[in-house]
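So the structure is just underneath, and the comments pick up after that.
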Amino acid sequence: MEEPKRYLVTSALPYANGPLHIGHLAGAYLSADIYVRFLRLNGKDVVYVCGSDEHGAAITIRAKKDGTTPQAIVDKYDELIRTTFEKIGISFDIYHRTSAPIHHETSQAFFRTLNQKGEFIEQTKEQYFDETANQFLADRYIIGTCPKCNHTEAYGDQCENCGSTLSPTELVDPRSTLSGDKPVLKSTTHWYLPLDKYEAWLKEWVETGKLEEELLHYPDQWKNHVLGQCKSWLDGGLQPRAMTRDLDWGVDVPQEIKGAEGKKLYVWMDAPIGYISATKQWALDNGKDWEPYWKDKDTALIHFIGKDNIVFHCLIFPAILKAHGDYILPVNVPANQFLNLEGRKLSTSKNWAVWVHEYVEEFPGKEDELRYNMIKTMPEQRDSEFTWKGYQETNNNELVNNLANFINRVIVLTNKYYDGIVPTINPDLQIVDSSNQIEMSYQESELVDLHDRLQEIGTHIRAFEFRAALKVLMEISSTGNQLLQFNEPWKLIKTDEETVKVVMNTALQVVTALSVASRPFLPFTSDKIRDLLNLPPLKDDGEYMDLLNKLAEGEVILADGHQINKPQHLFTKIPDEVIDAQIAKLEAAEKANKGVSYEPVKETIAFDDFTKLDLRTGTILAAEKVKKTKKLLKLTVDLGFEERTVVSGIAEFFKPEDILGKQVLLLANLAPRKLKGIESQGMILMAENSDGVLDFVSPGEGMGNGFVVK
RNA sequence: UGCGCGGUAUUGUAAUUGGCAACAUGCUGGUCUCAUAAGCCAGCGCUACGAGUUCGAGUCUCGUCUGCGCAACCA
């Protein structure tokens, strides 16, 4: 494949129901930002689009909970996310929103075309319906008792307490979140995308890069885990997937289509089309034509996402694009894995996160410090980890001691020796080369190295190896330090002023190169270095390319006689107190969050209701894991007068051998029910804390079996 | 339970086709004094466990343990 004529780069649309945390940045935004900044610096035609994903059931529910409207929720978070991105330097060409009219039109037109081409199949299924609210209920609108852990507030699609994936019909005692009533099953019709029909070409396209004999991408350039996950889905067989929902918040199914009343587009149909509508808006704003970016085969479409979105961007969205026709498919989907925080998973609901909007408030002017650390530990191939200690170390050891210190040394010496004017040199003089430590002319040593390293950075960035690229950037700074060390201009100045000029001029060329090469990673620092050198800020328009060309021609990149500015520190050390405070904050926030998670006391019951429960003491005689389950144990409990078989969802907390002989309380008159084919005759009483950890509720020492609890 | 991606020095991360396991940090020693007590030089330290294929395995195969994700099952 040839060099593409233009690039369309997307980052996953953030969901507008909460602020951004560092995991978002590490997943889909920093990497894309580096990539597009680099392309722009090489004079490429690139458009980088993103926007807020503002539809879906979660937002309506959030609005109801907060006593406000969905629009108010998305307005609030769209604004917060938008400004946060801007402050941390993510350089979108447009940050759009899916609530915009142009998006509604675009996604409806897509649906219309697919419908007209007969790509959809209509299917009728039974779904819960709230008769009071007079509407069908999305999975998230139904809560009930989790069949696994008996958590009473489980959602229709998932129990947040035990993490089980559920379907609404499995919930015990389902209730509608709208009215609180028990919903009824009613049939509803939806439009399904027959992914099974596309499976063959999707498989060939993903695995070989070929579609209808045309090579569209090289699979070996895709990341392992991306290919792996696609294969996993493809091998498992794709199923038709509903592209519509019964909701009142989202993009309407085009109303002229029969049966469209009350139907909205499924968010995963809606959201990726947001990339297209954002591009359209960008084109309108800038007097451009959007179509080549999506329809011309010379365009490289690249989706930056987190690993949770792989299937949507590698299979479902391509299927939609191809079913529509005329559209190109992504040439790569460089998904990142997940970033952990201090050894644990980031969690919005548990408040275990570093919020980016808080970071930029608390660390003003330190945007690049966060970017640097996150690029360095970016989860490119596997999950990685952010720690405050690590953040401090990379800042102090690498940014301050290496990069900023080198630049400062050069600026200080230039001011001291030459009043800040770049010295004119005698090109025949030799200096000590930093890599070979032998005497060479400055041309053949440092400037050639510099050229090679700059090119190497580009190679890495094009291969989505951002950590590796950053490493090479720091090597440039390291060799700068070596250059000064080996030549010792502060000594040499006493004996050989002419050679010192060569050393300093060379060092200034290195600093100039750094001002450009640092740009994709550390945009704010790039501006600061340009200012120190008294050069205009980069316009992100081919400067990297110009620099490489000049170096290749053996030309200098900072001219003799140029006046630079006075020294200023680029980075400062971050002391322990600041780091300790952040760690304390993290723990406090989590604790505070825990404090509010007590379950509310249930409604008052009469004594008679209590006496209906027959609670008995018993001893666990036998325990074994129920096959093919993660959570279930089959227990045999001795009640003195009889033995009971009980299936209990405690396998995640207790090993069978550890609970033999354990005395427990058993609800003995619970109606038996079958779990994985085993009849469970009762329920073991467990206490559960806010982390979902279970423990037995046991009688004191020496109590026999079979006795009544009252 | 199945599938996918992982497990590398104190810590964080590397390692095209199998070929001397690298970088940063850390620690030890040396050295410079332009610089933000920074820099530079030298040294120490690692492939989860067990087997197999191979002249040669971090890399390939099998098993065990284990982290994460996805899916299935699921009162």
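Here is the naming used below: chain letters follow the sequence lines, and residue numbers restart at 1 for every chain. Hydrogens, waters and symmetry mates are skipped; everything else that's a heavy atom, side chains included, is used.
Remark: K501(A) engages E498(A) in a salt bridge, criterion side-chain N to carboxylate O under 4.0 Å. Between E207(A) and K231(A), no side-chain nitrogen of the basic residue sits less than 4.0 Å from a carboxylate oxygen of the acidic one, so the salt-bridge criterion is not met. A salt bridge does not link E342(A) with K389(A): every distance from a Lys NZ or Arg NE/NH1/NH2 to an Asp or Glu carboxylate oxygen is 4.0 Å or more.
G2(B) and G45(B) are spaced 41 Å apart, taking the P atom of each and rounding to whole Å. To the nearest whole angstrom, the two P atoms, one in A22(B) and one in U61(B), are 25 Å apart. With P as the reference atom, G39(B) and A48(B) are 32 Å apart, rounded to whole Å. Taking the C1' atoms as reference points, C46(B) lies 13 Å from U13(B), given to the whole Å. Nucleotides A51(B) and C5(B) are separated by 26 Å at their P atoms, to the nearest Å. Spacing of C1' atoms, A71(B) relative to U16(B), comes out at 33 Å, to the nearest Å. Straight-line distance between the P atoms of G26(B) and U66(B): roughly 34 Å, to the nearest whole Å. Across U64(B) and U10(B), the matching C1' atoms stand 27 Å from one another, rounded to whole Å.
Counting only distance, with no hydrogens or angles, the side chain of D419(A) and the backbone of T414(A) share no donor-acceptor pair below 3.5 Å. E199(A) places a side-chain N or O within donor-acceptor distance of the main-chain N or O of L238(A), the cut-off being under 3.5 Å. Under a 3.5 Å cut-off, the side chain of Q509(A) and the backbone N or O of L558(A) do form a donor-acceptor pair.
At a threshold of 4.0 angstrom between heavy atoms, the contacts of V400(A) include nucleobase atoms, whether or not backbone atoms are also involved. Using a 4.0 Å heavy-atom criterion, one finds that N224(A) contacts the sugar-phosphate atoms exclusively. Counting any heavy atom pair closer than 4.0 Å across all strands shown, E398(A) reaches sugar-phosphate atoms only and no base atom. Among the heavy atoms of the strands lying under 4.0 Å from K491(A) are primed sugar atoms or P, OP1, OP2 only; no base atom is included. If you check every strand for non-hydrogen atoms under 4.0 Å, I493(A) touches nothing. Within the nucleic acid shown, K231(A) has no heavy atom closer than 4.0 Å to any nucleic acid atom. Using a 4.0 Å heavy-atom criterion, one finds that F571(A) contacts the bases of the nucleic acid, with or without backbone contacts as well.
In this structure, of C23(B), C40(B), G39(B), it is G39(B) that holds the atom nearest to the side chain of N405(A). Comparing G69(B), C34(B), U36(B) by their closest approach to the side chain of K416(A) singles out C34(B). Relative to the side chain of W233(A), the nucleotides G26(B), A35(B), A71(B) differ in distance, and A71(B) lies closest. Distances from the side chain of N397(A) to the nucleotides U25(B), A38(B), C23(B) place U25(B) closest. The R409(A) side chain lies nearest to A35(B) when the options are A35(B), C40(B), C68(B). Residue L413(A) has its side chain nearest to C34(B) when only C34(B), C23(B), A71(B) are considered.
Between Q337(A) and G4(B) there is no side-chain N or O to OP1 or OP2 distance below 4.0 Å. For U25(B), the OP1/OP2 oxygens have no side-chain nitrogen or oxygen of K389(A) closer than 4.0 Å. Distances shown here put a side-chain N or O of H569(A) below 4.0 Å from the OP1 or OP2 atom of U36(B).
Distance CE (M504(A)) to P (A35(B)): 12 Å, rounded to an integer number of Å. U13(B) atom C1' lies 12 Å from atom CG of N373(A), rounded to whole Å. To the nearest angstrom, P of C23(B) lies 15 Å from OH of Y372(A). Rounded to an integer number of Å, the gap from CD of Q229(A) to P of A72(B) is 13 Å. With rounding to whole Å, D383(A) atom CG is found 11 Å from G6(B) atom P. One atom, NE2 of H460(A), and another, C1' of U16(B), lie 12 Å apart when rounded to the nearest Å. Taking atom CD on E465(A) and atom C1' on U16(B), their separation rounds to 10 Å, with Å as the unit. Counting to the nearest Å, the P atom of A72(B) and the CG atom of L238(A) are 12 Å from each other.
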Dot-bracket for RNA chain B, 5' to 3', Watson-Crick and G-U pairs with both distances under 3.5 Å, [ ] for crossing pairs, | for partner on another strand, reads (((((((...(((.....[..))).((((((.......))))))...(((((..]....))))))))))))....
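Contact check for K307(A) versus N336(A): no side-chain heavy atoms found under the 4.5 Å cut-off. Within the 4.5 Å cutoff, no side-chain heavy atoms of F521(A) are placed close to those of L30(A).
Environment of CD in Q568(A): sparse, with no more than 12 heavy atoms of neighbouring residues, nucleotides or ligands closer than 6.0 Å.
When each of S478(A) and L227(A) is assigned the nucleotide of RNA chain B bearing its nearest heavy atom, the one mapping closer to the 5' terminus is L227(A). The nearest heavy atom of RNA chain B to N401(A) and to L484(A) marks one nucleotide each, and the one closer to the 5' end goes with L484(A).
Ring geometry, W222(A) versus H217(A): the interplanar angle falls under 30°, so the pair is classed parallel (tilted spans 30 to 60°). Using cut-offs of 30° and 60° for the angle between ring planes, the F363(A) and W388(A) rings count as parallel.
No hydrogens or angles considered: a donor-acceptor pair under 3.5 Å links the side chains of D576(A) and Q392(A).
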Report all interatomic pairs (protein N or O, nucleotide N or O of nucleotides 7-12 of chain B) with separations under 3.5 Å.
from  : atom 1 : to      : atom 2 : distance (Å)
U8(B) : O4     : R382(A) : NH2    : 3.3

